[in-house]
Amino acid sequence: MIQKKVLSSSDESSEDEHVEDLMDKQKLVQAKANKPTRTSVSAEVYGQFNKKGQFQAKKVNKSEDAIKRIKQRMSQAFMFSALDEHELAIVIDAMEEKKFKAGDFVIKQGDDGDVLYVVDQGQLDCFKVFKKGEPEKHLKVYQPGESFGELALLYNVPRAATIKAKTDAICFSLDRETFNHIVKDAAAKKREKYEEFLSKVELLKDMDPYERLQIADALKVQKFNKSDYIIRQGEQGNTFYFIQKGDCIATKTENGTEKEVYSYKVGDYFGELALIKHEPRAANIVAQSEVVVVYLDSDSFRRLIGPVDEILKRNMGRYEKYVKK
Ligand code: 1OR
């Protein structure tokens, strides 16, 4: 598993520092761009957005079929989840289809980066040299629907890893200009917004910070009032939740009586059983106050929660003592 490979390396803390370092750099860049304080960011960003009036949206000619595939892949690529329809349309226009043969280098670590890629077909390997002179480590395999190459654009740094086509592959590329004008602010804001919350979630605390940022990209938010049912026992389940604000309880209805079986507070998660076991929801989850949850759909859950899969499975036992009563 990815995380094991990464964490088993001897310089685990320097890896974390690397990503944190990138994020610090980003904050510096933003601070410079948004003087005098971070609290004035939104007003300034919108101001800048208007000034960016000169931005000429790029239009790359492509077939109806290519547009259809881009739309489908973009709906899976978390980086774009914060965009509205108008912004999505601009990004789709700017995207370009790029074909690679197995063995081709798509990105080389250390190079300057000016595009981001979304995988349409095939698989690509990601390698990284952590310390000069040491052999590169294989970090992961990119699959259709995933995106890569965002770090150089988000944080204005050289490519942090090498990406090489494992099979023949088709990717859609997005240029820096369009990324900067349309995607960057929304994506960076979302990462910033959830970065601290996710770093405190017990389940994710040993996860690589880079992987946690991708969870931030994929999160959606929903609010509930006291006594609302967030999950209903017996229903089909497609979502996995973290509590960002408030308290919840789990209840089970047996022979017509509803009994409380578990309670949750900020930072806890629920909804994992149905996704792991492919079974209907085993309990109700009821809000005990005003509740804000952030959630992942089942596809994102499978792609992003993999590294903590073992912890989730181990923790599944937490319900047993209640359920048997
Ligand atoms: P980029 O623009 O730097 C290389 O070009 C891309 O590889 C990078 O953006 C990411 O999209 C992707 N560390 C750095 N880059 C990674 C990593 C990674 N994984 C994928 N990329 N780590 C992965 C941990 C699972 C190591 C973090 C310490």
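It should be emphasised that the depicted structure is a prediction, and the values quoted were computed from it without experimental measurement. Sequential numbering from 1 along the given sequence is applied to the chain's residues. Start at 1 and go down the list; that is how both ligands and their atoms are numbered.
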Could Lys68 and Glu64 be called an ion pair, given the rule that one side-chain N must be under 4.0 Å from one carboxylate O?
->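 Here Lys68 does not pair with Glu64 in a salt bridge, since their nearest N and O are not under 4.0 Å apart.
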Basic-acidic side-chain contact under 4.0 Å: Asp93, Lys59 |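 A salt bridge is present here (some side-chain N lies under 4.0 Å from a carboxylate O).
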Hey, which atoms in ligand 1 end up nearer than 4.0 Å to a heavy atom of [X]?
| X | answer |
| --- | --- |
| Leu139 | 17 (C), 18 (C), 19 (N), 22 (N), 23 (C), 26 (C) |
| Asp208 | 24 (C), 27 (C), 28 (C) |
| Glu211 | 25 (C) |
| Tyr142 | 11 (O), 12 (C), 20 (C), 21 (N) |
| Ala160 | 1 (P), 3 (O), 14 (C), 15 (N) |
| Ile163 | 7 (O) |
| Glu150 | 2 (O), 9 (O), 10 (C), 11 (O) |
| Phe148 | 11 (O) |

Please check if the side chain of Asn284 supplies one atom and the backbone of Val286 the other of a donor-acceptor pair under 3.5 Å.
->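 Not at all, since once roles are kept as given, no pair shorter than 3.5 Å links the two residues.
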Any donor-acceptor pair under 3.5 Å linking the side chain of Lys184 with the backbone of Tyr155?
->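 No, because the side chain of Lys184 does not come within donor-acceptor range (under 3.5 Å) of the backbone of Tyr155.
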Please check whether [X] reaches ligand 1 - meaning an N/O of the residue sits under 3.5 Å from an N/O of the ligand, judged on distance alone.
| X | result |
| --- | --- |
| Leu153 | no |
| Arg159 | yes |
| Tyr210 | yes |

Could you give the side-chain donor-acceptor pairs of residues 117-126 under 3.5 Å, partners two or more places apart or in another chain?
residue : atom : partner : partner atom : Å
Asp120  : OD1  : Arg73   : NE           : 3.1
Asp120  : OD2  : Arg69   : NH1          : 2.4
Gln123  : NE2  : Gln143  : OE1          : 3.1
Asp125  : OD1  : His138  : NE2          : 2.7

Please say whether more than 12 non-hydrogen atoms of neighbouring residues, nucleotides or ligands are located less than 6.0 Å from CD in Glu136.
->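 Yes, enclosed.
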What part of Leu151, side chain, backbone, both or neither, has a heavy atom within less than 4.0 angstrom of ligand 1?
->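 The part of Leu151 near ligand 1 is both the backbone and the side chain.
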Part of Cys126 with heavy atoms under 4.0 Å of ligand 1, whether side chain, backbone, both or neither =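 Near ligand 1, Cys126 shows its side chain, while the N, CA, C and O stay back.
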Centroid-centroid distance, Phe78 to Phe80, less than 6.0 Å |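 Phe78 vs Phe80: aromatic centres not under 6.0 Å.
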Is Gly113 near ligand 1, meaning one of its heavy atoms is under 4.0 Å from it?
->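 False for this residue.
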Which donor-acceptor pairs under 3.5 Å do side chains of residues 221-231 form with protein atoms, sequence neighbours excluded?
residue : atom : partner : partner atom : Å
Asp228  : OD2  : Asn225  : N            : 2.7
Tyr229  : OH   : Glu258  : OE1          : 3.1
Tyr229  : OH   : Glu258  : OE2          : 2.7

Nearest 0.5 Å, what's the NZ-OG1 distance between Lys252 and Thr257?
->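 Answer rounded to 0.5 Å: 12.5 Å.
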